[in-house]
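The structure appears right after this line, and notes come after that.
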Amino acid sequence: MRYSKLLIPTLREDPTEAEVISHRLMLRAGMIRKVSAGIYNFLPVGLRVLSKVEKIVREEMEHAGAQEILMPALQPAELWQETGRWQQYGKELMRLKDRHDRDFCLGPTHEEVITDLVRREVKSYRQLPLNLYQIQNKFRDEIRPRFGLMRGREFIMKDAYSFDADLEGAKENYKKMYDAYHKIFSRLGLRFRAVEADTGLIGGSSSHEFMVLAQTGEEGIASCTKCDYAANVERAELKRGVGERGAEQVKSLEKVQTPGKKTVEEVSAFLKSAPQQLVKTLLFVADGRPVAVLVRGDHQVNEIKVRRLLGVSELALADAAKVEAWTGGPSGFSGPVGLKNVEIIGDLSIETMPEAIVGANEKDAHYLHASSGRDFKVDRFADVRNAIAGDLCPRCGAPMAIDRGIEVGHVFMLGTKYSEAMKATFLDPKGEEHFFVMGCYGIGVSRIIAASIEQNHDEKGIIWPMPIAPFAIHIIPVQDQSERVMITAELIYGSMLRAGIDTLIEDRSERAGVKFNDADLLGIPYQVVLGEKNLHEGFVELKNRRTGEKQKIEVEKAIDHLIELVRGPRTQPSSS
RNA sequence: CGGGGUGUGGCGCAGCCUGGUAGCGCACCUGCUUUGGGAGCAGGGAGUCGGAGGUUCAAAUCCUCUCACCCCGACCA
């Protein structure tokens, strides 16, 4: 393509709205433009990258035996009511009404629609297994869209759904998708890790997330420093701490004044103690009833674990009024001592603490030497917190490290959750009716672009991995008024096109500096620079965007060299 | 949803406190010069000052409401 004909509105300055690198660079490189919060236009360069990602995803899905279909973004409420998710999904579901006042939503995912399709069209075990996928726009009314394509309200996702006659078959499909995901993310040139994950609103029995490792990631990953266990911090199981609680002599309960000290930091600083010596008491409303959760001062409550433990669907922090009503004291000074009519759940790490500093349920006061069993009673101890660095691996007991990651893929073993709810059945060889055993598999296609840039950039701009680069070669004639330069540039350009290589030719009459800077910003893997002086000596210059390395190549050999360069390490669809 | 912040030409910003009728850099257009890492000179085009209402002789500026966008938010328990 010719630069002058493409809409590539590069920006010299950083737009103020962009926080993270990928967002900044995508705006600056003219790939995307914001339409509204979390909603973006894809411009030509952005779309090219998107298409390349989609192409790789499609190739590997087809290779794994999945078939492409396309479902609607607009979905009727009835389907969602069948599975109960019309209620469960909450405010994140984009809901709307048609002119007849009938309820619809813009799909954040498509389990209902696909299950409805399959229950109508698939009746026999002979038609199984079946795996259908689509690449389509998804909608989520995020509380706070941010980071450009990373967390948008409308985004592009590949979602696949497998249907099997039994669990064994479903596991096989799950494995196939799991393997396909490894191939996809490897081909995309991402550094990633598959981790055990929570199933969230999708549900099902087990799941893995594929995380791209990056500091800007929104997810925490706990991974063992010794074995290959890795899990989302929300999911990571934490064992009861080693060591027994001894029969230490604990001093008796003592109330101290802590005027205005509410936070763990304030209280521990004021009392000259470590946050680990505090136990904080968080009050929740769990399906309407009061629950207190105790965790160590330096730990964080994991609401997902609490929810699962209690078997409730709604869990929210109690507001100040409820805290006052239940504990008798203002928020900031809650504690388990003397707490009545509230179920008390203690994290496992509390169990072995002989004593702790806790709130006294009255303004400006805390207790020292509060001892569970003696001064307060915990109804049950359980794993209800997030993992932190140094926690022990549930598999092998070695310490775990915490990294940050961007979730780009998620595979779920659904079982019969949706087929039962929607009565989706088939007949086995004996004529008996069974529910389909399902799996579902998502990839955040647009998010992958952001994730890739987070891992591949420098201070000048983007550095695309070849498989998803918008162009493979960027031809830059420096002196555009020189006939010799332009003729050679056009010659190489023509040859590249005939060889089927995506090539961008810089045909604007800009100064050299502008061309170079835009080229580095765009991040096309190879820049072919043509200048009078080099040409006169019979050379063109080849610059590797990633390494910055420049080499002179004889003009006659340039075309073959470039073709080899692009095709050489060409990534093939896996083993097909 | 709560807290904080910002809306002035395509982008980045100043002006607002202390009202007097809009400015700077970049980008854009024209001409000349320049031409291997974001050029120089000269000329030019472009702004409902987010929106509505109010105060005033006069509002980008003061007041009220509203909208949009950005940032932070269990760790206050």
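Values below: all heavy atoms of this structure, side chains included; hydrogens, waters and symmetry mates excluded. Lettering of chains follows the sequences in order, A, B, ..., and the numbering in each one begins at 1.
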Per A:Asn517 side chain, nearest of listed nucleotides B:U35, B:G37, B:G12: B:G37
Strictly below 4.0 Å, N to O, side chains only: are A:Lys239 and A:Asp391 in salt-bridge contact? no
Using a cut-off of less than 4.0 Å, is there contact between a side-chain N or O of A:Gln479 and OP1 or OP2 of B:G36? yes
Across the strands shown, which category fits A:Ile476 at heavy-atom distances under 4.0 angstrom: base, sugar-phosphate, nothing? nothing
When you compare B:C17 with B:U35, how far apart are their P atoms, in angstrom units rounded to a whole number? 50 Å
Do side-chain atoms of A:Arg447 reach the backbone of A:Glu407 as a donor and acceptor pair under 3.5 angstrom? yes
So, is A:Arg146 close to the B:C72 phosphate, meaning a side-chain N or O under 4.0 Å from OP1 or OP2? yes
Please state the P separation for the pair B:C62 and B:G19 - nearest whole angstrom. 9 Å
Please tell me if A:Ser334 has a side-chain N or O lying less than 4.0 Å from either OP1 or OP2 of B:C76. no
Side chain of A:Ser36 (C-beta onward), nearest among B:C69, B:G12, B:G36: B:C69
At under 4.0 Å between heavy atoms, what does A:Asn534 touch on the DNA or RNA strands: base, sugar-phosphate, or nothing? base
Sticking with atom C1', work out how far B:G9 lies from B:A46, rounded to a whole angstrom. 6 Å
Has A:Glu537 got a side-chain atom pairing as donor or acceptor with A:Asn534's backbone, closer than 3.5 angstrom? no
May I ask you to verify if any side-chain N or O of A:Arg144 is less than 4.0 angstrom from the OP1 or OP2 atom of B:C71? yes
Atom-pair distance (CD on A:Glu506; P on B:G37), nearest Å: 15 Å
Which nucleotide sits closest to the side chain of A:Ala37: B:C26, B:G12, B:C69? B:C69
Side chain A:Glu13 and base B:G38 donor-acceptor under 3.5 Å: no
Considering Watson-Crick and G-U wobble pairs with both distances under 3.5 Å, what does B:C24 pair with? B:G12
Using a heavy-atom cut-off of under 4.0 Å over every strand shown, decide if A:Gly531 touches base, sugar-phosphate, or nothing. base
Select base, sugar-phosphate, or nothing to describe what A:Arg33 touches, counting heavy atoms under 4.0 Å on all strands. nothing
Using the C1' atom on both, measure B:A59 against B:G20 and round to a whole Å. 10 Å
Which base, if any, makes a Watson-Crick or G-U wobble pair with B:G73, both distances under 3.5 Å? B:C1
Within this structure, what is the CZ-to-P distance between A:Arg24 and B:C70, rounded to whole angstrom? 16 Å
Taking any strand in view, what nucleotide pairs with B:G37 in a Watson-Crick or G-U wobble way, both distances under 3.5 Å? none
Please classify the nucleic acid contact of A:Lys34 as base, sugar-phosphate, or nothing, using heavy-atom distances under 4.0 Å. sugar-phosphate
Please report the distance separating the C1' of B:U56 from the corresponding atom of B:U21, rounded so that it comes out in whole Å. 14 Å
Give the nucleotide from the list B:C69, B:U35, B:C75 with an atom nearest to the side chain of A:Arg153. B:C69
For A:Glu218, is there any backbone N or O sitting under 3.5 Å from a side-chain donor or acceptor partner on A:Arg404? yes
So, is the end of the A:Arg546 side chain (NZ or CZ) under 6.0 Å from the ring centre of A:Trp464 and within 45° of the ring's axis? no
Which residues share a ring-ring contact (aromatic ring centres under 6.0 Å, His included) with A:His23, sequence neighbours left out: A:Tyr40
Applying a 4.0 Å non-hydrogen cut-off, can you work out what A:Leu11 is touching in the nucleic acid: base, sugar-phosphate, or nothing? nothing
Write down the distance between CD (A:Glu142) and P (B:C69), rounded to a whole number of angstrom. 14 Å
Tell me whether the side-chain N/O atoms of A:Thr263 come closer than 4.0 Å to OP1 or OP2 in B:C75. no
Return the 5'-most residue of the pair A:Gln481, A:Asn386 with respect to RNA chain B, ranking by each residue's nearest nucleotide. A:Gln481
Using a heavy-atom cut-off of 4.0 Å across all strands, would you classify A:Val529 as base, sugar-phosphate, or nothing? base
Inter-residue atom distance A:Leu27.CG - A:Asp14.CG, 0.5 Å rounding: 9.0 Å
Between A:Glu303 and A:Ala512, who's closer to the 5' end of RNA chain B by nearest nucleotide? A:Ala512
Length of the line joining A:Asp518:CG and B:C11:P, which is rounded to integer Å: 18 Å
Ignoring hydrogens and angles, answer whether the base of B:G36 and the side-chain atoms of A:Glu541 contain a donor-acceptor pair closer than 3.5 Å. yes
Closest to the side chain of A:Arg511, out of B:U34, B:C76, B:G12, is B:U34
N or O in side chain of A:Arg12 less than 4.0 angstrom from B:G38 OP1/OP2: no
Whole-Å distance, A:Glu537 CD to B:G36 C1', equals 14 Å
Using a heavy-atom cut-off of 4.0 Å across all strands, would you classify A:Thr16 as base, sugar-phosphate, or nothing? sugar-phosphate
Here the distance between atom C1' of B:C69 and atom CZ of A:Phe147, to the nearest Å, is 16 Å
When both hydrogen-bonding distances must be under 3.5 Å and the geometry is Watson-Crick or G-U wobble, what is B:C62 paired with, if anything? B:G54
Whole-Å distance separating the CG atom of A:Leu27 from the P atom of B:C69: 15 Å
Check whether A:Arg33 reaches the backbone of A:Pro9 with its side chain - one donor and one acceptor, N or O, closer than 3.5 Å. yes
Can you pull out every ring pair (Phe, Tyr, Trp, His ring centres under 6.0 Å) where at least one residue sits in residues 355-375 of chain A? Sequence neighbours excluded, please. A:Phe333-A:His366
From the candidates B:C75, B:G73, B:G37, the one with an atom nearest any side-chain atom of A:Ile143 is B:G73
By the 4.0 Å heavy-atom rule, please label A:Val264 as base, sugar-phosphate, or nothing. sugar-phosphate
Let's test this: given Watson-Crick or G-U wobble pairing with both distances under 3.5 Å, identify the partner of B:G7. B:C67
NA contact type, A:Lys322, heavy-atom cut-off 4.0 Å: base, sugar-phosphate, or nothing? nothing
Checking B:C71, B:C75, B:G12 against the side chain of A:Lys280 (C-beta onward), the nearest is B:C75
Watson-Crick or G-U wobble partner of B:U30, both distances under 3.5 Å: B:A42
Rounding to an integer number of Å, can you tell me how far A:Arg545 CZ sits from B:G37 P? 17 Å
Does a distance-only test, which skips hydrogens and angles, find a donor-acceptor pair under 3.5 Å between the side chain of A:Asp14 and the base of B:G12? no
